[in-house]
Trainee: 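Right, I'll just put the structure down here and ask away after.
In this chain, residues are counted from 1 in sequence order. For ligands, and for the atoms within them, numbers begin at 1 and follow the listed sequence. This one's a predicted model, so the numbers in the text were calculated from it and none came from an experiment.
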Amino acid sequence: MEKGQLTPDYLFEVSWEVCNLVGGIYTVLSTKAKTLQKINKDKNIFIGPDLWKGKESPYFTENPSLLKEWKMQASNENLQVRVGRWNIPGKPVVILVDFSRMFDVRNELFTNMWNWYGVDSLYAYGDYDESCIFSYAAARVIESLYKYIGGDNYNVVAHFDEWITGMGLLYVKHQLPKVATIFTTHATSIGRSIAGNNKPLYDYLAAYNGDQMARELNMVAKHSLEKAAAHNADCFTTVSDITARECTQLLERTPDVVTPNGFEENFVPKGIAYTQGREAARAKLIKIAASLIGYKPSKDAFFIATSGRYEYKNKGINLFIESLRRLKEQSTSKKEIIAFVLVPAWVNAAREDLAEKMNAKKFDHTALPDPLITHSLNNYNEDMIMNQLHGSGFKNLASDKVKIIFVPSYLRGDDGIVNMPYYNLLIGFDATAFPSYYEPWGYTPLESVAFGIPTITTDLSGFGLWTDSLGEGGLEAKGVAILHRGDSNFDEVADGLAMTVHSLSVKTDTERKAISEAAKKTAAKAQWKYFISYYSQAYDIALQKKK
Ligand code: 1S3
């Protein structure tokens with residue numbers, strides 16, 4: 001720590017993804033927690049939504065004696081909270097707030113936000129109301145706790161992640177002017193929307209006006225909230241340089257610090273546990289493939305995956321499938337490639353015919369009628385991934401050298417087919433690919449290399465650019481292959497990806513192990529014990545403003 005640097009006595013962090021596994025922000029918070037816990041102990045408090053409303057949650061262990069007195073006060077203030085610990089390394093204190101009975105504050109809250117900060121909620125839709133009420137409830141929790149602990153006597157930091165929690169930040173700023181506020185955006189909502197709507201985000205970035213684009217793309221409410229939070233925070237941060245440029249242009253405030261996302265090595269098994277984990281995962285991959293396709297893949301089949309939130313174009317899911325189609329049609333290699341698309345979609349249920357086959361004692365050599373997917377979907381005919389798989393002619397015939405399997409369920413260990421959490425399955429792959437078009441950081445490739453699985457990503461992802469910044473060397477040196485992606489080179493990237501997958505698939509076991517070690521070394525440089533210093537900087541910047 002630098003001399004004179006201010007540190008928080010109390011640190012509150014508010015996110016929709018506290019004890020709620022939705023996407024990358026969950027990974028940021030849940031891996032960072034252990035390092036923060038070492039520094040701030042139980043004065044580091046996460047606040048998230050109580051989506052289980054009093055019922056048991058797999059992520060949370062309630063502890064009635066934690067903050068017992070305060071809870072009584074909170075209940076008198078009509079705050080419905082549970083206090084306990086998050087079931088992750090570091091076991092940080094968590095307050096879950098049930099905001100479901102607070103919706104009647106909506107009109108007054110939105111009016112205040114307009115009057116105080118010019119946040120325009122008039123044309124809001126979708127998840128906006130729920131997000132804002134949650135963040136308001138979380139801010140009320142901070143207000144109540146602040147008064148309870150005598151917050152005026154301490155350095156108190158309230159940290160808010162993503163536009164979802166923007167109103168919480170603005171409320172705290174208004175009610176508790178001595179609290180140092182931090183706003184971290186993990187994307188700009190308007191940048192993501194420009195990218196997702198097939199408009200060129202990068203070549204024309206300097207010409208976009210965020211407010212005008214928000215009107216054009218019907219994003220005014222989210223954008224105006226995000227912009228107000230960014231402008232009013234004592235410290236504004238984002239997760240990569242590429243997103244920082246977007247913030248400068250579209251939100252018209254340059255982040256004070258870039259806080260890249262780290263990882264925690266203790267999520268990765270070591271030694272024999274690693275080998276056993278990899279074998280178990282591989283056995284599961286083989287079983288799923290064999291049961292769908294009706295024959296056992298060769299022992300040295302090459303398993304590759306993409307994964308993440310269902311953002312079809314931005315996450316490069318379309319590009320992944322297209323590159324495999326090209327490989328299927330062009331490759332003369334004898335190597336069998338089995339690709340998995342691990343992207344949660346609108347799942348109805350685990351397929352019974354598949355579950356039955358997987359559990360049967362004797363292997364049945366017939367392919368299932370649909371050997372492309374593991375769960376039934378509510379919208380099979382409209383699903384973009386399914387449509388692309390069909391349109392690309394994937395049939396998963398025994399004779400096809402490239403096969404592809406869509407696993408549309410969240411992998412939490414209870415999906416009925418995989419029945420393993422994501423990390424337990426990830427460890428069994430030979431490679432992963434995340435050819436994103438829009439990716440502020442990109443945890444999926446970082447997680448992959450942390451598990452020693454080489455990955456392919458693009459120079460439009462924060463993680464890809466960070467890997468580039470580590471110096472010379474590509475896949476062999478870093479375990480990460482970076483494809484150059486721009487606004488208009490889809491075709492070239494699809495070919496590049498197909499070639500990289502091919503070249504990885506024909507590596508010898510020794511070569512593969514060397515790349516796997518290189519991957520782990522890259523991941524080791526992205527541990528929180530290094531990256532936490534960027535957060536310390538952010539806390540300091542915010543607290544200095546309160547002096
Ligand atoms: C965002 O989640 P996403 O998948 O919507 O935040 C993640 C954590 O900072 C980041 O890794 C990802 O690129 C962003 O897109």
Trainee: Is a side-chain donor-acceptor pair under 3.5 Å present for N314 with E311?
Mentor: yes
Trainee: Are I288 and T374 side-chain neighbours, meaning at least one heavy-atom pair lies under 4.5 Å?
Mentor: yes
Trainee: As an exercise, identify every atom of ligand 1 less than 4.0 angstrom from a heavy atom of R309.
Mentor: 3 (P), 4 (O), 5 (O)
Trainee: Could you list which atoms of ligand 1 come closer than 4.0 Å to a heavy atom of V239?
Mentor: 9 (O)
Trainee: Give a yes/no verdict on whether any heavy atom in P440 is under 4.0 Å from an atom of ligand 1.
Mentor: yes
Trainee: Any idea which protein heavy atom is nearest atom 7 (C) of ligand 1, and the distance to it?
Mentor: G24 CA, 3.9 Å
Trainee: Could you tell me which atoms of ligand 1, counted from 1 in the order shown, lie closer than 4.0 angstrom to a heavy atom of V28?
Mentor: 8 (C), 9 (O)
Trainee: So for ligand 1, is G442 a polar contact partner (N or O within less than 3.5 Å, distance only)?
Mentor: yes
Trainee: Just by distance, with hydrogens left out, do T238 and T185 show a side-chain donor and acceptor under 3.5 Å apart?
Mentor: no
Trainee: Compute whether any side-chain donor of one residue and acceptor of the other, for E246 and Y208, lie under 3.5 angstrom apart.
Mentor: no
Trainee: Polar-atom distance check: W441 versus ligand 1, any N or O pair below 3.5 Å?
Mentor: yes
Trainee: May I ask you to decide if the ring planes of W441 and W466 are parallel, tilted or perpendicular, using 30° and 60° as cut-offs?
Mentor: tilted
Trainee: Which bit of T27 gets closer than 4.0 Å to ligand 1, counting heavy atoms only: side chain, backbone, both or neither?
Mentor: neither
Trainee: Does the residue R192 have a heavy-atom contact with ligand 1, meaning some pair of atoms that are separated by less than 4.0 Å?
Mentor: yes
Trainee: Nearest to atom 1 (C) of ligand 1, what protein heavy atom do you find, and at what distance?
Mentor: H186 O, 3.5 Å
Trainee: Note the single closest protein heavy atom to atom 15 (O) of ligand 1, along with its residue, its atom name and the distance in Å.
Mentor: K315 NZ, 3.3 Å
Trainee: Could you find the nearest protein heavy atom to atom 13 (O) of ligand 1 and give me its residue, atom name and distance?
Mentor: E439 OE1, 2.7 Å
Trainee: Which atom pairs, donor and acceptor, lie under 3.5 Å between side-chain atoms of residues 404-413 and protein residues at least two apart or in another chain?
Mentor:
| unit_1 | atom_1 | unit_2 | atom_2 | d |
| --- | --- | --- | --- | --- |
| R412 | NE | Y59 | OH | 3.3 |
| R412 | NH2 | L21 | O | 3.4 |

Trainee: May I ask you to check whether W16 and S131 show a side-chain donor-acceptor distance below 3.5 Å?
Mentor: no
Trainee: Hey, which of N318, L319, D487, T458 is the one that makes side chain to side chain contact (heavy atoms under 4.5 Å, CB included) with Y437?
Mentor: D487
